[in-house]
Amino acid sequence: HAKRNPEHKYVFYDGGMRERSGFTLGLESDLRRATGGGEFELHFQPKIDLVGNRTIGAEALIRWRHPIRGMVSPAEFIPLAEETGLIWEIGAWTLIESCRRLADWIGRDLPIPSVSVNLSPRQFQDARLVGFVRSVVESAGIPPGRLELELTEGAMIGDIEKAVTILNGLKDIGVRLSIDDFGTGYSSLAYLKRFPIDTLKIDRSFVRDIVKSSTDPAIVGTIVNLAESLGFDTIAEGVETQEQADMLRQQRCTRIQGFLISRPLPVDQFETFLCNSVVPA
Ligand code: C2E
Ligand code: MG
Ligand code: MG
Ligand code: MG
């Protein structure tokens, strides 16, 4: 039986049978070509701490500059990359490129404490992951603690023992780990306490209506308390207005990321942002 996913312009069937629209078939072969070279780039979005107005890091977000279609959103091609298995190569490029940039910034003394990279579920479950991350960090020559990996809850459900083993393997390298889009997935408290992670990234959906909603401030406050009890930091994503930032601060979430601070920026503009940002000694 067919399942139509309105968010993505392709259709997939249970049992491995797949049928795609012409649009997506084109996109798939284009994605194969793009993975071969040159059409991807990384943009970086600052993460700041409202206490001291300090840049605490940046998230690397992939962009695909398609020769005909223009910019294709990762929301469109990452699911396709996952489905076709191209995600391994794309993710490898993203990690290598992110670490290379970080090494360059460290070498030039730019005030950037860390860079975070998204890992999708299939990357997380690939047996090569831990060894690959270790080798990329080593070749880039960056302190491992300055690299953060963002994982969604969805990557870790299923085989919890296996997830904990992978997370421990990543922690052994010394990288930082965060749960992205936190609050939208299925992680139970029993699992959460076993995950050796550093940060919960509060999903944009709780930030969006936080000013008007009668429930969302309490949800955010509860996540902050939970994180504190478990020894995790929190950061809120998708912060667009000063009012949202104020509400988050009231709930003791002082780290934020979003258009209020900056959109994701191409490398040169991101470097300008870093050089202009106020960093107390
Ligand atoms: P995400 O990791 O949750 O990234 C946050 C998304 O929210 C980004 O969308 C970012 O541009 C957007 N955003 C940031 N601030 C705001 C804001 O204030 N308001 C609104 N409305 N949006 C904001 P983007 O770049 O389109 O990426 C979408 C998703 O694609 C990401 O969600 C992540 O799951 C995935 N993705 C992006 N780059 C990579 C990558 O290199 N590898 C993998 N595996 N996934 C990636
Ligand atoms: Mg993310
Ligand atoms: Mg997110
Ligand atoms: Mg998100």
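We number each residue from 1, following the sequence as shown. Both ligands and their constituent atoms are indexed starting at 1 by order of listing.
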Need the atom name: nearest N/O/S atom of Glu150 to the Mg ion (ligand 2). OE1

Could you check whether Arg128 makes a cation-pi contact with Phe132, meaning its NZ or CZ is under 6.0 Å from the centre of the six-membered ring and within 45° of the ring axis? no

Looking at Asp180, pick out the N, O or S atom nearest to the Mg ion (ligand 2) and give its name. OD2

Proximity winner for atom 1 (P) of ligand 1, if only heavy atoms of Asp180, Ile62, Thr241 are counted: Asp180

Between Asp203 and the Mg ion (ligand 3), is there a contact where an N/O/S atom of the residue lies under 2.8 Å from the metal? no

Does Gln123 reach ligand 1, in the sense of a heavy atom lying below 4.0 Å from it? yes

So which of Glu240, Glu237, Gln45, Arg204 gets nearest to atom 6 (C) of ligand 1, if we judge by its closest heavy atom? Arg204

Confirm or rule out an N/O/S atom of Asn118, from backbone or side chain, lying less than 2.8 Å from the Mg ion (ligand 2). yes

So that I can check it, does any N, O or S atom in Asp181 come closer than 2.8 Å to the Mg ion (ligand 3)? yes

The N/O/S atom of Glu59 lying closest to the Mg ion (ligand 2) is OE2

Considering only NZ, NE, NH1 and NH2 on the basic side and carboxylate oxygens on the acidic side, decide whether Asp126 and Arg122 come within less than 4.0 Å. no

Contact between Gly91 and ligand 1, counting heavy atoms under 4.0 Å? no

